[in-house]
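Counting from 1, the numbers follow the sequence of the chain as shown.
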Amino acid sequence: MTEPALVLKGVYAGYGATVVLEGVDLTVAAGESVSILGRNGVGKTTLLATVMGLVRVHAGTLHLHGNDLSRIALPKRAGAGLGYVPQEREVFPSLSVLENLSVAARGGPWTADRVLDLFPRLAERRRAYGNQLSGGEQQMLAIGRALMASPSVLLMDEPSEGLAPVIVAELVEAIERLRETENMTILLVEQKARLALDFAARAVVMDRGRIAFDGASQTLKDDPGQLNRLFGLAG
């Protein structure tokens, strides 16, 4: 039996003494895509940050491909198979696209050429500096930088936020390509319910630091009333 890509059991985590996640249990199979939804402030970002080791774990366990994440130091988590695309993007403004990609390289199958093939818009801007890129181009670069570590598990925090629909469509196409051709495990935190439910067959809805729903995306698509009760936004 194949080892799950990611397992959280009874996880309580937060910032300092403040607990945000309360008893989260989540198992994600290798190659599975999961969309994580919920209103602002319910713990979606904290969930990803906990996996990356950016917040304090008060209780519970986290395993990546069977390995205890608590034993893997933060700087080594990318090498262990995690890729993280933060909501703030955090591209280096004074480095070019190619330089941003090269400093993130950790070896493995993903190269700058492969990233530029995935994002043709970035290929056209390969020598532009980070602060010369549009918001959409910066988001593509943030995803590209995460890929340069050749992760098996990709965590993305609201990649569509503030972007024009045409750019969102390009991003979704690229992420779907990763899912379909790279067999990459993807956790997508997304505020746009319809986009999230269309992207992944499985949806997790969070509420006040807990998982309120974990099941088929189609269930929520077929029942807008339930989606509205869980998420507060059926659109």
Side-chain angles (χ1 to χ4, degrees), residues 4-8 21 24 26-52 54 62 64 77-78 81-90 110 115 118-119 135-136 138-147 149 151-165 167-207 211-221 227 230-235:
L6 191 64
V7 179
L8 284 70
L21 301 184
V24 169
L26 180 66
T27 297
V28 183
E32 184 179 20
S33 291
V34 179
S35 288
I36 302 171
L37 305 90
R39 295 182 294 273
N40 289 329
V42 297
K44 305 185 303 297
T45 292
T46 302
L47 177 63
L48 300 190
T50 300
V51 175
M52 290 304 301
L54 301 174
L62 298 91
L64 177 69
R77 293 200 182 189
L82 288 174
Y84 182 45
V85 184
Q87 191 174 5
E88 298 80 10
R89 299 167 187 156
E90 297 179 0
W110 277 93
V115 170
L118 183 66
F119 295 114
Q138 288 184 356
Q139 186 63 72
M140 293 173 186
L141 182 54
I143 295 172
R145 285 196 322 177
L147 293 174
S152 57
V153 178
L154 184 62
L155 313 175
M156 292 185 290
D157 194 357
E158 301 201 21
S160 74
E161 185 180 23
L163 302 182
I167 300 298
V168 173
E170 289 183 30
L171 285 173
V172 171
E173 181 179 357
I175 298 168
E176 288 178 342
R177 181 173 163 187
L178 294 175
R179 181 190 63 196
E180 301 300 331
T181 65
E182 303 295 328
N183 197 36
M184 192 173 291
T185 305
I186 299 175
L187 272 68
L188 173 70
V189 166
E190 180 53 57
Q191 195 71 15
K192 295 182 175 67
R194 186 57 56 182
L195 186 157
L197 297 176
D198 285 344
F199 171 72
R202 178 182 172 194
V204 168
V205 182
M206 298 192 67
D207 182 38
I211 292 178
F213 174 91
D214 184 350
S217 296
Q218 192 63 47
T219 298
L220 298 182
K221 292 168 74 172
L227 177 61
L230 288 167
F231 189 31
L233 181 65

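A distance of 7.5 Å separates CG in Leu82 from CG in Leu6, rounded to the nearest 0.5 Å. Between atom OG1 of residue Thr27 and atom CD of residue Glu32 there is a gap of 9.5 Å, rounded to the nearest 0.5 Å. The distance from the OG1 atom of Thr185 to the CG atom of Leu155 is 10.0 Å, given to the nearest 0.5 Å. Summarising the geometry, atom OH belonging to Tyr84 is positioned 5.5 Å from atom CG belonging to Asp157; distances are rounded to the nearest 0.5 Å. Atom CG of residue Leu26 and atom CD1 of residue Ile211 lie 5.0 Å apart, to the nearest 0.5 angstrom. For the atom pair CG (Leu141) and CD (Glu90), the distance works out to 12.0 Å, reported to the nearest 0.5 Å.
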Inset, instruction - List the steps, then state whether side chain to side chain contact (heavy atoms under 4.5 Å, CB included) holds for Leu47 with Val189. - result: CA-CA 9 Å; Leu47 177 63; Val189 166; over 6 Å; no

Inset, instruction - Test Met206 against Leu21 for side chain to side chain contact (heavy atoms under 4.5 Å, CB included), laying out the working first. - result: CA-CA 10 Å; Met206 298 192 67; Leu21 301 184; 3.7 Å; yes

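In summary, of the residues considered (Ile175, Val28, Val153, Val34), a side-chain contact (heavy atoms from CB on, under 4.5 Å) with Ile186 occurs for Ile175 alone.
When every heavy atom of Gly144 is checked against every heavy atom of Phe119, the shortest pair comes out as N-CE1, 4.3 Å. When every heavy atom of Ala146 is checked against every heavy atom of Val85, the shortest pair comes out as CB-CG2, 3.8 Å. When all heavy atoms are compared, the tightest approach of Leu171 to Pro159 is CD1-O, 3.7 Å. Ala200 approaches Arg179 most closely through the heavy-atom pair N-NH1, 4.4 Å. Between Leu163 and Gly136, the shortest heavy-atom distance links the atoms CD2-N, 3.5 Å. Pairing each heavy atom of Ala142 with each of Arg89, the nearest pair is CB-O, 3.8 Å.
Taking 4.5 Å as the limit, every side-chain heavy atom of Val24 sits out of range of all side-chain heavy atoms of Thr50. A heavy-atom distance below 4.5 Å is found between the side chains of Met140 and Ile167. Considering only heavy atoms from C-beta on, Leu188 comes within 4.5 Å of Leu195 through its side chain. The closest side-chain heavy-atom distance from Gln191 to Asn40 is below 4.5 Å. When side chains are defined from C-beta on, Asp207 counts as touching Arg39, because their heavy atoms get closer than 4.5 Å. For the pair Leu147 and Met184, the minimum side-chain heavy-atom distance is below 4.5 Å. Using a 4.5 Å heavy-atom threshold, the side chains of Leu178 and Leu118 count as touching.
At distances below 3.5 Å, not a single donor-acceptor pair connects side-chain atoms of Lys192 with backbone N or O atoms of Glu161. Remark: side-chain polar atoms of Ser35 are not paired, donor with acceptor, to backbone N or O of Leu197 under 3.5 angstrom.
Shown here are the salt bridge (Lys or Arg N to Asp or Glu O under 4.0 Å) partners of Glu158, two or more places apart in sequence or in another chain: there are none.
Classification of Lys221 and Asp198 as a salt-bridged pair holds, one side-chain N sitting under 4.0 Å from a carboxylate O.
Open room surrounds CD on Glu173; 12 or fewer heavy atoms of other groups in view lie less than 6.0 Å from it.
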